[in-house]
Novice: 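Sending over a structure as C-alpha cells; questions will come in a sec.
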Amino acid sequence: MEPENELIAARWQKLQELYRRGIDPYGGRFERTHTTADIHGNYPALEGERVSLAGRLMALREHGKATFADLQDGEGKIQLYFRVDKLGEQYELLKLLDLGDILGVVGKVFRTRRGEVSIEVESFVLLCKSLRPLPEKWHGLKDTDLRYRQRYLDLIVNPESRLRFILRAKILRAVRQFLDSKGFLEVETPSMQVIPGGAAARPFVTYHNALDLQLYLRIAPELHLKRLLVGGLEKVYEMGRVFRNEGISTKHNPEFTMLELYQAYADYTDMMALLEEMVDFIIREVLGRPTVVYQGTEINLAPPWPRLTMLEAIKKYTGADFGLIRDPQEAKRAAADLGVEIGEDWEWGKVVNEVFEVLVEPHLVQPTFILDYPVAVSPLAKRKKEDPELTYRFEAFIACREIANAFSELNDPVDQRRRFEAQVAARTRGNEEAHMMDEDFLRALEHGMPPAGGMGIGIDRLVMILTDAPSIRDVILFPTMRPRGD
RNA sequence: GAGCCAUUAGCUCAGCAGGUAGAGCACCGGACUUUUAAUCCGGGUGUCCGGGGUUCGAAUCCCCGAUGGCUCACCA
C-alpha cells in the first residue's frame, strides 16, 4: 500500500512511530462503563466519577501542556481533557493521534469553566489508527455520491443521517410491535420464485445450478402469503426486500422494503382502519406528535383520513364523471379533452386510472384513501358487487405518494384464472409488467382461500415521509449505485 | 432511455471577457495548562473527472466519454 497523498502519508508515519514505540495501533477489547449519552444524561450525579468510554476522535484542540478533544460514540459526543501533569509520558502520544482514530479512555467526569461536561483523561489506549482523513468537520459530507457510496463517512460526520437510520429502525420495530399485538404472525416466504407475481413489474432473473432452473427475484410476496391463508394461517405479515428491475429515481430503488399483511374474514374497509391505527401507533411511538413536515409541507397524519372513491376524486378535481362515461371510446375522448395522453387499445379502467394518476394524485398531499380501483388495473382484487368494472381496492396517499395498496382479496379461482388470462394476453401484446400464468397459485385458490383483506405498504416511502427525506436513497443505507470506475 | 445541471486540494467551495490555480477546514512545523468552528506565527499539499480538438496559450471555448444530481419517461 502506497500513501496516496501527504495527509495519508503523515498518518502512515505516525503508525510506524507507534510500532517503533511498541504500541499496538489496533487495540482489542475495551471495557466501557458509560456511553457519551450516559454521561450527559446523568451529569450532576456522575461529577467526579471515574468512567471509561470509547469512540472516534473527532476534534483536537491543543493548548501546549493541555489538550481538548471530542470523542464520538454511537450515541453522541463528549469532550476529553488531557493534561501533561495527569498523563505524564503518555501525553506525548497525543502527537501520534489523528482525527478519526478510535480511542478508549479512562478519566473523571467534570465540568469545564465554560460549562461543558468533559472527561479529565487519566489514561487512554489507541483502539484503531485511522489511515484516511475524515471529511470536513463543519460542513460535513455533502456530495451525495460519496454519501451513498461511502455511507460510513456519512454516518460519522452527518448526525441527521445517522438519526434518520435510527428512526427507520424504530419505525420497523413499531410496525412489528403493532402487528404482533394485533395477533398477526410474521412469516418469511421465498425471495427466489419460479413465477414472479403479486405486482406489475419486471423481475430480476437468476439461475439455480443444481436444479438447472431459472428463478426470479420476487417483485412481491403476495401470492405466497395468500397460500398461507389457504393453509389456515389467518393473520400473517411479511416485511422484506422485494426487487423490481426498473428505473432508479428519488422514489425508486431496485430493491426496497415492502410490508404485506393479510387478514382472513376481513375486507378492504378493515384494512383502512388498520392502516390508520398503525400509522397512528407508529407516530406516537417514534415521533410523539401527529404531524410531520415533509419538504416544507406540514402533513397531519392523525386519523381518520378522508376517503373518496377514484371516480369521486376525479370528479372533484376535474369535473368529469367517469361513472357516467362507461363506453371506452367516450372515456378516451373525455380523457383527451382533459389533456391526458392515453393508449389506443386501453380499456375503460386503464383510462380512468391514468386520468386519476395525472390529474388527481398531485393534489393528495394530506393523507387520503382512494377507493374502488378499476378491475382492469387490479388483477388480484375482488370485484365490487354493485359495479363489476370496479374492485374493492384502495390506495392510501400521503404527500402525493402511494403509501399503501390494499384490497378485498380475490378468492374466486375461476375469476382469478380469467384475470391471469387477461394478463397473459397483455403480456403477449408486449406488456412486460403483466402477470404470468401461475397454475400453482390457482391450484391453491381452488382448495379454497377464506375471504380476506390484504395490504401492501412501501416502508421506504413511509420512512421518507416520517424522516423528511428528499430521496429514497436517504433512507436506504446502501442504495443501488453504478460501480465507480476505479 | 431523453433533457438540463454539476464534477477544481482529503472535505466545503471560489476562480470562467482564454494568460498556466485560490480560500476555509483538514494537514505539516512552532507558541500556548479550561478550549470548544480555540487562538497566534510559518508552510499550498492539485491528473482542475477522462480523452480529443480550437488556440501562441485551455480549469475556462468546442466535441466525445465517465459518474452523480434534478426533471421527464418507466414504475398499474
Side-chain angles (χ1 to χ4, degrees), chain A residues 3-11 13-14 58-70 77-87 91 95 98-100 110-118 120 130-150 153 156-158 199-202 219-220 244-254 256 310 341 346-347 349-354 356-357 361 373-381 391 393 395 401-402 405 423 426 431-435 458 470-473 479 481-486:
Chain A
E4 293 168 29
N5 64 43
E6 191 201 31
L7 279 74
I8 294 174
R11 286 164 183 253
Q13 274 175 20
K14 291 176 183 175
M58 296 303 287
L60 269 174
R61 295 179 289 279
E62 284 184 74
H63 290 260
K65 294 191 177 65
T67 296
F68 293 91
D70 294 339
K77 281 186 191 178
I78 197 158
Q79 176 167 267
L80 305 180
Y81 179 46
F82 300 86
R83 301 168 58 112
V84 66
D85 54 7
K86 280 273 181 196
L87 285 159
Y91 191 82
K95 286 205 177 79
D98 286 292
L99 300 191
F110 77 111
R111 193 195 276 273
T112 63
R113 217 178 268 165
R114 297 291 186 88
E116 173 118 6
V117 175
S118 306
E120 180 162 16
S130 164
L131 295 176
R132 289 177 179 272
L134 285 170
E136 205 248 2
K137 64 179 176 183
W138 191 241
H139 298 91
L141 185 65
K142 290 204 168 141
D143 186 318
T144 50
D145 190 27
L146 292 180
R147 286 183 47 226
Y148 301 146
R149 288 183 198 277
Q150 293 180 271
L153 293 180
I156 291 169
V157 302
N158 296 328
R202 294 170 62 176
I219 56 176
R244 297 187 181 178
N245 206 339
E246 287 154 358
I248 294 175
S249 78
T250 48
K251 300 184 192 71
H252 302 83
N253 195 65
F256 61 100
M310 182 180 283
E341 279 185 54
W346 288 9
E347 323 136 86
K350 194 151 164 55
V351 174
V352 170
N353 187 61
E354 184 71 12
F356 169 77
E357 287 187 359
E361 273 192 18
Y373 275 60
V375 70
V377 295
S378 314
L380 301 164
T391 59
R393 171 186 172 190
E395 289 194 354
R401 290 165 163 70
E402 174 202 333
N405 176 23
Q423 289 287 308
N431 179 355
E432 290 185 76
E433 283 101 38
H435 270 84
S471 168
I472 197 169
R473 291 177 211 110
M481 303 284 280
R482 206 184 290 269
R484 195 150 47 174
D486 62 7

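When reading the values below, keep in mind they use all heavy atoms of this one structure, side chains included, and skip hydrogens, waters and symmetry mates. The chains referred to below are lettered A, B, ... by the order of the sequence lines, with proteins before strands, and numbering in each begins at 1.
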Novice: Are the side chain of A:Y91 and the backbone N or O of A:A66 linked by a donor-acceptor pair below 3.5 Å?
Specialist: yes

Novice: So for A:R83 and B:U33, does any side-chain atom that can act as donor or acceptor lie under 3.5 Å from a complementary atom in the base?
Specialist: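 Between B:U33 and A:R83, which were checked side chain against base, a qualifying N/O pair under 3.5 Å is present.
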
Novice: If the cut-off is 4.0 Å, is A:R61 near the phosphate of B:U35, judged by side-chain N/O to OP1 or OP2?
Specialist: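 Indeed not, no polar side-chain atom of A:R61 lies that close.
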
Novice: Check whether any side-chain nitrogen or oxygen of A:R111 sits under 4.0 Å from OP1 or OP2 of B:U36, and answer yes or no.
Specialist: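 For B:U36, OP1/OP2 do not have a side-chain N/O of A:R111 under 4.0 Å.
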
Novice: What is the separation between atom CG on A:D143 and atom P on B:U8, rounded to the nearest whole Å?
Specialist: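 To the nearest whole Å, that distance equals 8 Å.
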
Novice: Would you say A:R114 reaches B:U34's phosphate, i.e. side-chain N/O to OP1/OP2 under 4.0 Å?
Specialist: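 Result: no.
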
Novice: Among residues at least two apart in sequence or on other chains, which ones pass salt bridge (Lys or Arg N to Asp or Glu O under 4.0 Å) with A:R244?
Specialist: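 A:R244 satisfies salt bridge (Lys or Arg N to Asp or Glu O under 4.0 Å) with no other residue.
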
Novice: Apply the side chain to side chain contact (heavy atoms under 4.5 Å, CB included) test between A:P133 and each candidate in A:L7, A:N5, A:L99; give the one that qualifies.
Specialist: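 Single pass found, and it is A:L7.
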
Novice: Mind checking the P distance from B:G43 to B:G3? Whole angstroms is fine.
Specialist: 49 Å

Novice: In this structure, how many angstroms lie between the C1' atom of B:U35 and the CE atom of A:M58, rounded?
Specialist: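 Going from CE in A:M58 over to C1' in B:U35 covers 18 Å.
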
Novice: Kindly point out which of B:U33, B:U36, B:C11 is positioned nearest to the side chain of A:P135?
Specialist: B:C11

Novice: Using heavy atoms to find the nearest nucleotide of RNA chain B for A:A201 and A:R482 separately, return the residue whose nucleotide is more 5′.
Specialist: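 The residue mapped nearer the 5' terminus is A:R482.
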
Novice: Under 3.5 Å, which protein N or O atoms sit close to an N or O of nucleotides 24-27 of chain B? Give each pair with its distance.
Specialist:
residue, atom, partner, partner atom, Å
B:C25, O2', A:E136, OE2, 3.4
B:A26, OP1, A:K137, NZ, 3.0

Novice: How far does the C1' atom of B:G42 sit from the matching atom of B:U60, given to the nearest Å?
Specialist: 33 Å

Novice: For B:A59, give the paired nucleotide (Watson-Crick: N1-N3 plus N6-O4 or O6-N4; G-U: N1-O2 and O6-N3; both under 3.5 Å), or none.
Specialist: none

Novice: What is the distance, to the nearest angstrom, from the CZ atom on A:R149 to the C1' atom on B:A66?
Specialist: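 Roughly 11 Å, once rounded to whole Å.
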
Novice: Measure distances between side-chain N and O atoms of A:R113 and base N and O atoms of B:U34, and say whether any donor-acceptor pair falls under 3.5 Å.
Specialist: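 By the distance-only test, no, there is no pair.
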
Novice: OP1 or OP2 of B:U45 sitting under 4.0 Å from any side-chain N/O of A:N5?
Specialist: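 Result: no.
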
Novice: Do A:I248 and A:M481 come within less than 4.5 Å of each other through their side chains, counting heavy atoms only?
Specialist: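 They are not in contact (no side-chain heavy atoms under 4.5 Å apart), so the answer is no.
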
Novice: I want to verify a distance call: between B:C70, B:U33, B:U67, whose nearest atom is closest to the A:T250 side chain?
Specialist: B:C70

Novice: Report the distance from atom CZ of A:R132 to atom C1' of B:G10, rounded to the nearest whole Å.
Specialist: 10 Å

Novice: Is it true that A:R393 and A:N405 share a donor-acceptor pair across their side chains at a distance under 3.5 Å?
Specialist: yes

Novice: Which whole number of Å gives the distance between the C1' atom of B:A58 and that of B:C63?
Specialist: 15 Å

Novice: Determine the contact category for A:Y373: base if any of its heavy atoms lies under 4.0 Å from a base atom, sugar-phosphate if only primed atoms, P, OP1 or OP2 are that close, otherwise nothing.
Specialist: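 A:Y373: no heavy atom of the nucleic acid under 4.0 Å.
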
Novice: What does A:Q79 touch in the nucleic acid at a heavy-atom separation under 4.0 angstrom: a base, only the sugar-phosphate, or nothing?
Specialist: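 Counting heavy atoms under 4.0 Å across all strands, the contact made by A:Q79 includes a base.
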
Novice: Would one find more than 12 heavy atoms of other residues, nucleotides or ligands at under 6.0 Å from atom CZ of A:R61?
Specialist: yes

Novice: Heavy atoms only, 4.0 Å cut-off, all strands: where does A:G140 land among base, sugar-phosphate and nothing?
Specialist: sugar-phosphate

Novice: Take atom C1' in B:U45 and the same atom in B:C61, then report the distance between them in whole Å.
Specialist: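 Here B:U45 and B:C61 have their C1' atoms 30 Å from each other.
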
Novice: By the 4.0 Å heavy-atom rule, please label A:Y91 as base, sugar-phosphate, or nothing.
Specialist: nothing

Novice: Who does B:G3 pair with, Watson-Crick or G-U, both distances under 3.5 Å?
Specialist: B:C70

Novice: Figure out the CG/P separation between A:D85 and B:U34, and round it to whole Å.
Specialist: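 Interatomic distance, CG of A:D85 to P of B:U34: 11 Å.
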
Novice: Do A:N158 and A:K142 have side chains that approach each other closer than 4.5 Å (heavy atoms only, starting at C-beta)?
Specialist: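 Not in contact.
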
Novice: Verify the neighbour count for atom CD of A:E62: are there more than 12 heavy atoms of other residues, nucleotides or ligands below 6.0 Å?
Specialist: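 Result for CD/A:E62: open.
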
Novice: Name the nucleic acid region contacted by A:L153, choosing base, sugar-phosphate or nothing; use a 4.0 angstrom heavy-atom cut-off, strictly under.
Specialist: nothing

Novice: Can you check the distance between B:C4 and B:A9, where both ends of the measurement are the C1' atom (answer in whole Å)?
Specialist: 29 Å

Novice: Under 3.5 Å, side chain of A:R202 to main-chain N/O of A:E246, donor-acceptor pair present?
Specialist: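 No, the answer is negative, given that no donor and acceptor are paired below the 3.5 Å cut-off.
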
Novice: Starting at atom CZ of A:R244, determine the distance to atom P of B:C74, rounded to an integer number of angstrom.
Specialist: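 Computing the A:R244:CZ to B:C74:P distance gives 16 Å.
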
Novice: Check the distance between B:A73's C1' and A:E433's CD and give it to me in whole angstrom.
Specialist: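 After rounding, the gap between these two atoms is 12 Å.
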
Novice: Measure the distance from CD1 on A:I156 to P on B:C11 and round it to the nearest whole Å.
Specialist: 14 Å

Novice: Taking atom P in both B:A37 and B:C49, what distance in whole Å separates the two?
Specialist: 34 Å

Novice: Each nucleotide N or O in nucleotides 29-31 of chain B that has a protein N or O under 3.5 Å away: list the pair and distance.
Specialist:
none

Novice: Using the P atom on both, measure B:A38 against B:G51 and round to a whole Å.
Specialist: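 Nearest-Å result for B:A38 against B:G51 at atom P: 39 Å.
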
Novice: Looking only at the side chain of A:Y81 (C-beta and beyond, no hydrogens), which of the listed nucleotides B:U35, B:U12, B:U33 gets closest?
Specialist: B:U33

Novice: Indicate yes or no for a side-chain donor-acceptor contact from A:Q150 to the backbone of A:L153 under 3.5 Å, with no hydrogens or angles considered.
Specialist: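 Checked: no pair found.
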
Novice: Write down the distance separating the C1' atoms in B:C72 and B:G65, rounded off to the nearest Å.
Specialist: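 Each nucleotide's C1' atom is 23 Å from the other's.
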
Novice: For a 4.5 angstrom cut-off between non-hydrogen side-chain atoms, does A:P374 reach A:K350?
Specialist: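 No, their side chains stay 4.5 Å or more apart.
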
Novice: Given side chains that start at C-beta, do those of A:I8 and A:R132 come closer than 4.5 Å, heavy atoms only?
Specialist: yes

Novice: Tell which nucleotide pairs with B:U45, taking only Watson-Crick or G-U wobble pairs whose two distances are both under 3.5 angstrom.
Specialist: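 B:A26 is the nucleotide pairing with B:U45.
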
